[in-house]
Amino acid sequence: DKKVPDEPPHVTAIKQLEKLHNQKLWQSGKYKQYYTGITDILRQYLSSRYPIKAMEMTSKEIIDRMQRESLTDVSMKRLSDTLFTADFVKFANYFVEETKIGEPVEESPVENPQKEEEMTPKTTDEKEA
């Protein structure tokens, strides 16, 4: 039995990126899922192509580690832009959820309500002389 050699990492990554693109997640507003797919494919590619455990690393750790490889400045910029943009998209939802205005809370009835006349401020004409 002849074993079919594994395809090169770049071929696998390009096929996976094309498959992701064809799912049209971006067009249907599933940005987080789309960017997660991109970064997962990119991390798998980096792990196969370089001596790096990209699946277990943060974006910053990957960038710092990839500085040791002989990538061009343009390639490094593209890698960091892709990873950091994906992080922003993926975490934007968490930011919005954390900072949203809460649901209006019904106020509980006041225990000792003031009389109506005491609550209404008097105008100058109504003040006692």
Side-chain angles (χ1 to χ4, degrees):
D1 290 341
K2 289 187 177 182
K3 184 181 176 195
V4 177
D6 292 336
E7 61 189 8
H10 72 276
V11 173
T12 303
I14 290 170
K15 284 180 182 177
Q16 290 173 336
L17 288 168
E18 287 173 356
K19 183 179 176 185
L20 179 67
H21 175 74
N22 291 335
Q23 290 176 10
K24 301 195 183 301
L25 297 171
W26 181 265
Q27 292 84 338
S28 58
K30 297 179 179 174
Y31 307 115
K32 182 180 172 194
Q33 192 176 344
Y34 179 70
Y35 273 101
T36 298
I38 288 173
T39 55
D40 285 350
I41 293 165
L42 190 53
R43 287 166 181 271
Q44 288 167 359
Y45 168 73
L46 291 171
S47 294
S48 298
R49 169 71 178 80
Y50 298 95
I52 175 176
K53 294 182 179 182
M55 297 305 288
E56 300 144 25
M57 299 169 79
T58 65
S59 296
K60 182 170 179 353
E61 289 171 337
I62 291 171
I63 299 303
D64 291 347
R65 171 58 188 81
M66 290 303 294
Q67 297 286 347
R68 294 186 232 152
E69 300 301 326
S70 56
L71 297 178
T72 64
D73 289 345
V74 172
S75 293
M76 278 303 300
K77 178 155 179 33
R78 285 190 180 136
L79 175 62
S80 64
D81 286 353
T82 300
L83 290 174
F84 290 132
T85 299
D87 287 347
F88 288 135
V89 171
K90 291 188 290 187
F91 296 112
N93 188 49
Y94 296 117
F95 173 78
V96 172
E97 286 295 324
E98 290 168 354
T99 59
K100 71 181 178 185
I101 297 173
E103 296 293 320
V105 178
E106 283 190 35
E107 293 184 25
S108 57
V110 182
E111 289 180 18
N112 296 320
Q114 296 177 338
K115 293 180 188 171
E116 184 67 32
E117 60 192 48
E118 291 175 5
M119 292 177 64
T120 311
K122 294 181 179 177
T123 62
T124 358
D125 297 347
E126 294 175 333
K127 286 186 180 172
E128 296 175 15

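Just so you know, these numbers use all the heavy atoms, side chains as well, and skip hydrogens, waters and symmetry mates. Residues: numbered from 1 along the sequence shown.
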Asks: Nearest 0.5 angstrom please: Lys32 NZ to Leu25 CG, how far?
Replies: 13.0 Å
Asks: Which pair of non-hydrogen atoms, one from Tyr35 and one from Thr85, has the smallest distance, and what is that distance?
Replies: OH-CG2, 3.8 Å
Asks: About how many Å separate CD1 of Ile38 and CH2 of Trp26, when rounded to the nearest 0.5 Å?
Replies: 8.0 Å
Asks: Is Tyr45 reachable from Tyr34 through a run of I, L, V, M, F, W or Y residues, each pair having side-chain heavy atoms under 4.5 Å apart?
Replies: no
Asks: Return the minimal non-hydrogen interatomic distance between Ser59 and Leu83, and the atom names on each side.
Replies: OG-CB, 3.8 Å
Asks: For residues Ile62 and Leu17: do they belong to one hydrophobic cluster (side chain heavy atoms under 4.5 Å, members Ile, Leu, Val, Met, Phe, Trp, Tyr)?
Replies: no
Asks: Got a second to check how far Phe91's CZ is from Glu97's CD, nearest 0.5 Å?
Replies: 14.5 Å
Asks: For Asp40, check salt bridge (Lys or Arg N to Asp or Glu O under 4.0 Å) against everything at least two apart and list the hits.
Replies: none
Asks: Quick one: do Met55 and Tyr50 end up in the same hydrophobic cluster if we chain Ile, Leu, Val, Met, Phe, Trp and Tyr together by side-chain heavy atoms under 4.5 Å apart?
Replies: no
Asks: Gln16 and Gln44: side-chain contact (heavy atoms from CB on, under 4.5 Å), yes or no, with the steps?
Replies: CA-CA 10 Å; Gln16 290 173 336; Gln44 288 167 359; 3.4 Å; yes
Asks: Look at atom CG of Asp81 and say whether more than 12 heavy atoms of other residues, nucleotides or ligands are closer to it than 6.0 Å.
Replies: yes
Asks: For Thr82 and Arg78, indicate whether the former's side chain and the latter's backbone hold a donor-acceptor pair under 3.5 Å.
Replies: yes
Asks: Identify the two heavy atoms, one from Ala86 and one from Thr39, that lie closest to each other, and give their separation to 0.1 Å.
Replies: CB-CG2, 3.2 Å
Asks: Any donor and acceptor pair, going by atom type alone, linking the side chain of Glu61 with main-chain N or O of Thr58 inside 3.5 Å?
Replies: yes
Asks: Rounded to the nearest 0.5 Å, what separates atom CE in Met66 from atom OG in Ser75?
Replies: 9.0 Å
Asks: Tell me whether Asp64 is salt-bridged to Lys60, with the criterion being a basic N under 4.0 Å from an acidic carboxylate O.
Replies: yes
Asks: Measuring from atom CZ of Arg49 to atom OG1 of Thr12, what distance do you get when rounded to the nearest 0.5 angstrom?
Replies: 13.5 Å
Asks: Pair Leu46, Leu79 - check side-chain contact (heavy atoms from CB on, under 4.5 Å), show working.
Replies: CA-CA 10 Å; Leu46 291 171; Leu79 175 62; 4.0 Å; yes
Asks: Could you tell me whether the side chain of Ser47 and the main chain of Ala54 form a donor-acceptor pair under 3.5 Å?
Replies: yes
Asks: Rounded to the nearest 0.5 Å, what's the gap from CD1 on Ile63 to NZ on Lys77? Could you check?
Replies: 10.5 Å
Asks: Does Glu69 have any salt bridge (Lys or Arg N to Asp or Glu O under 4.0 Å) partners at least two apart in sequence or in another chain, and if so, which?
Replies: Arg65
Asks: State plainly whether the residues Glu56 and Arg43 are in salt-bridge range, i.e. N to O under 4.0 Å.
Replies: no
Asks: Are Tyr31 and Leu42 joined in one hydrophobic group, where the rule is that I, L, V, M, F, W and Y side chains link up if heavy atoms are under 4.5 Å apart?
Replies: no
Asks: With sequence neighbours left out, write down each residue that passes salt bridge (Lys or Arg N to Asp or Glu O under 4.0 Å) with Lys53, or none if nothing qualifies.
Replies: none
Asks: Taking everything shown except Phe84 itself, do over 12 heavy atoms lie less than 6.0 Å from its CZ?
Replies: yes
